[in-house]
Colleague: 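This structure is in structure tokens; I'll ask about it shortly.
No experiment lies behind these values; they were computed from the predicted model shown. Below, chains carry the letters A, B, ... as their sequence lines are ordered, and counting in each starts from 1.
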Amino acid sequence: MSAAPRPPGTDQRPATPDRGFPPGNGNLADRAHDSDGSAASPRDTVSPASSVSSTTIQAGSGGASGRGSGGVSRRGSSAVTKVTSTAAWIVGMTALLIVSITLAVTIGSAEIGALDVWRSIGAHIGLDRLGLDSSPLSTLRDGIVWELRLPRVLTAAGVGAALAICGAVMQTLTRNPLAEPYLLGLSSGASVGAVLVLVLGVGWFGLPVAAFGGALLALTATLALANRRGELPPTRTVLAGLAVSYLCSAATSFIIFWSATGDSYRGILSWLLGSLGGAAWNDVAVVVLAVAIIGAALLSRSRTLDAFAFGDGTASALGIDVNRTRWTLLILVALLTGAAVAVSGAIGFVGLMVPHGVRLVVGASHRRVLPLAALAGASFMIWADTLARTLFDPRELPVGVVTAFLGAPVFAVLLRRRRVGQ
Amino acid sequence: MTPNGPRDRLSAHPLAMPPLATSSPDAPRRSPGHDEPGATDPRAAHDGRRLSDGKHADAAERTGSAGRTGSAGRRDSLDVFDVSWSVDGTLIVDGVSLSAKAGTLTGLLGPNGSGKSSLLRSIAGMTRPERGVVSLGGEDLLGMRRRERARRVAVVEQETHTDVPLRVLDVVLLGRTPHKATEHDDELARSALDTVGMQRFADRDWHTLSGGERQRVHLARALAQEPELLLLDEPTNHLDVHFQLSLLGNVRELGVTSLAALHDLNLAASYCDHVVVLDRGRVAAAGAPEDVLVPEVIRRVFAVDCDVHTNPRTGRPVLMFFP
């Protein structure tokens, strides 16, 4: 009767939006589900439960209550289990990261043992002065560890962590499961900057600076395009990012088409698909610092991010300033992505997949997802890069190719094994 | 009843005076003795209002009984005064005033596009009205910081979906967002699930729930917010009749001041203490269901003929429509 027919002519203003919330239409299936009896259990308990529980709420906020204490202890233990399992995951993934760093440094044409790795690290951070160990490595081997392999492995870890964090936050803020860190045109903007340096030799500054500058310009363009009365509507933001990306890609292709030859072409290709070759300690510093600072800032907003799960309306009703949050967090994410792009080029797939994989395992709460995604992304990227540089030694695959080859099957397995209802 | 113009009625409304003075007698919030069920007879503060008839005794009794089990300090009346909101130059909500007594359920009725949802969003502060005052227990809601407001006002929307894998308990915990995190949050969330009869679903994946179950979890989420005011936007949409009844029954039993936009007039007639009918953004009628849900109003607002009978078992009005 709500849709009571109205005689023509009594209609009101045209196109007045009655509901501010997106109308869903997927509920036919739900209704079918309602009636199939699986929902019978809660029905029977409604009224008695409600009177009991009001008491319990009061007890929860006020303090002691004789009633339901048995229930509380059971609940307490289940909460503990959850916390423990998250903690266990974090410890496990940290251990995996440390092992990955160590092993990845040992892999390569020169034989290096795992112990040598830590001996070298110990020597450089001054542990040998404590008299812990003093069987020095040869200068050559120490140089291989400290100057060549370790910076590269650590950069890979930093980039992987950065991309995974950015992907997770981006997917939440745009409510788009396909969102990835490069969504705002960052990678293509960075490419323009990088190609200008690589091909035309423009600029006195280095490639990372050019890439970062290009990324920031693209970001500015995207946000300016997406901005509507101070808001950043998710769909509009995604579309604006696409427009800027295509424009920048066209510019990149144009520059390559006109000026690239042989070697510079290969250089460009490897950069466009992502490469960690030639990573040095200053790259490590850039990306690891960015992950530490921006990652901590994002982690501190994890409850706010959680509130976006049911959309802007719900978030706003939960007391979140949706616009300001979206602006702030998107800019933070963009800076972090920019740092990653500047040192490694655009590496696809990690930022898209790792967060989804982590969510499938530990659920969607950002307090769990962000740290675990960072750790998983770091380890994943280390192994992807190790494969990229060793598979066809001495030639190097662009690491983006490896991430896609490795990531897609892992993702597919996770997707198929997703447990429903725990 | 003779439907006056809405303006006429409203000018006689106690709220024609700015309702902001926190010390007004309408606002006994946090006053001593307020927690005692018997001490707050909603009628006392609202003399001369249409609702203060025999019908209301039953509402007062009910809120009294809810007060014995519900938590204290939630007995605040909602006062909306002259709220307007427009989008792209079109007035959607046009100078609406209404009030909801502490602990009662008020139904917001009206055809599609009459501004129910927009009004709810304005009251919740999700959109900022151009004009008007909204106060809860005498405190200005619109001037409050968002987070502060979200500690007092919870919203249940008609249907919301999410792509991310969330446990039911995680959804309910979202209600704690505006509050400081404490170790009681889990317990509180589980109690809220108890209240809506969903305690056994705490660890289920949100996506495995049916529409009715989801809506109840959203109600639990709103309860975990520990609101003084509950706003519901067509909460019973797409629910089967059992869930419609049990959801509104749940809301009523809470004893929290509630304002619900409803499409089903009979549902409103059987559960609401007070109804407000909107038409083209204005209040077309307001009062007790049996005074407002009469053939003249229904014809004028919904352009449908109807007869009104009395439900022999509940004594509530039942509307029968003739297309």
Side-chain angles (χ1 to χ4, degrees), chain A residues 1-2 4-7 10 12-13 16-21 24 26-27 30-31 33-35 38-39 41-43 45-47 49-58 60-61 72 75 79 175 177 303 306-307 309-311 313-314 316-321 359-360 363-365 420-422, chain B residues 69-71 87 90 92 112-113 117-118 121 124 126 146-147 149-150 155 157-167 170 174 177-178 184 186-188 190-192 194-195 197-198 200 203-205 208 210-213 233 238 240 242-243 246 250 253 263-265 280 302-304 321 323:
Chain A
M1 61 207 76
S2 53
R6 303 168 62 85
T10 57
Q12 315 146 344
R13 301 177 196 100
T16 322
D18 177 32
R19 351 195 126 101
F21 312 113
N27 255 44
D30 295 341
R31 292 191 82 185
H33 188 80
D34 276 349
S35 54
S38 68
S41 43
R43 295 185 179 188
T45 58
V46 181
S47 16
S50 47
S51 60
V52 170
S53 57
S54 316
T55 332
T56 328
I57 283 198
Q58 203 171 23
S61 49
V72 169
R75 289 164 198 157
R175 297 197 76 211
R303 272 182 112 195
D306 287 344
F310 287 95
T314 303
S316 156
L318 288 171
I320 309 284
D321 187 336
R359 277 193 206 101
L360 290 176
S365 158
V420 173
Q422 313 282 313
Chain B
T69 49
S71 26
V87 64
T90 312
I92 308 295
N112 290 329
S117 294
S118 304
R121 291 165 62 88
M126 292 157 75
R146 264 165 215 279
R147 197 167 160 192
R149 187 166 53 227
V155 182
E157 292 161 283
Q158 43 182 326
E159 286 168 61
T160 51
H161 81 282
T162 180
D163 287 323
V164 293
L166 282 170
R167 278 186 316 158
D170 288 332
L174 289 180
T177 309
H184 294 304
D186 241 43
E187 232 172 277
L188 255 165
R190 286 183 191 268
S191 302
D194 271 356
T195 307
M198 293 286 290
R200 271 176 289 166
D203 293 317
R204 284 267 296 270
D205 186 314
T208 64
S210 71
E213 291 160 353
D233 190 9
H238 300 287
D240 66 34
H242 173 88
F243 275 121
S246 74
N250 259 189
E253 280 168 33
H263 260 313
D264 187 328
L265 301 180
R280 300 160 208 228
F302 291 91
V304 170
F321 301 97

Colleague: For a 4.5 angstrom cut-off between non-hydrogen side-chain atoms, does B:Arg121 reach A:Ser316?
Modeller: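 No, every pair of side-chain atoms sits at 4.5 Å or beyond.
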Colleague: Any heavy-atom pair between the side chains of B:Leu174 and A:Leu318 that's under 4.5 Å?
Modeller: yes
Colleague: Taking all non-hydrogen atoms of both residues into account, name the closest pair between A:Ala317 and B:Met126 and its distance.
Modeller: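 That would be CB-SD, 4.0 Å.
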Colleague: Is B:Thr162 reaching over with its side chain to a backbone N or O of A:Ala309, donor-acceptor style, under 3.5 angstrom?
Modeller: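 A pair under 3.5 Å: yes.
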Colleague: Which heavy-atom pair separates A:Arg359 from B:Pro165 by the least distance, and what is that distance?
Modeller: O-CG, 3.8 Å
Colleague: How close do B:His161 and A:Arg175 get, heavy atom to heavy atom, and via which atoms?
Modeller: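 Minimum heavy-atom separation between B:His161 and A:Arg175: O-NH2, 2.6 Å.
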Colleague: Side chains of B:Leu166 and A:Phe310: closer than 4.5 Å at any heavy-atom pair?
Modeller: yes
Colleague: I need the B:Glu157 CD to A:Thr314 OG1 distance, nearest 0.5 Å.
Modeller: 4.0 Å
Colleague: For B:Thr177 and A:Ile320, what are the C-alpha separation, side-chain angles and deciding distance, and is it a side-chain contact (heavy atoms from CB on, under 4.5 Å)?
Modeller: CA-CA 9 Å; B:Thr177 309; A:Ile320 309 284; 3.9 Å; yes
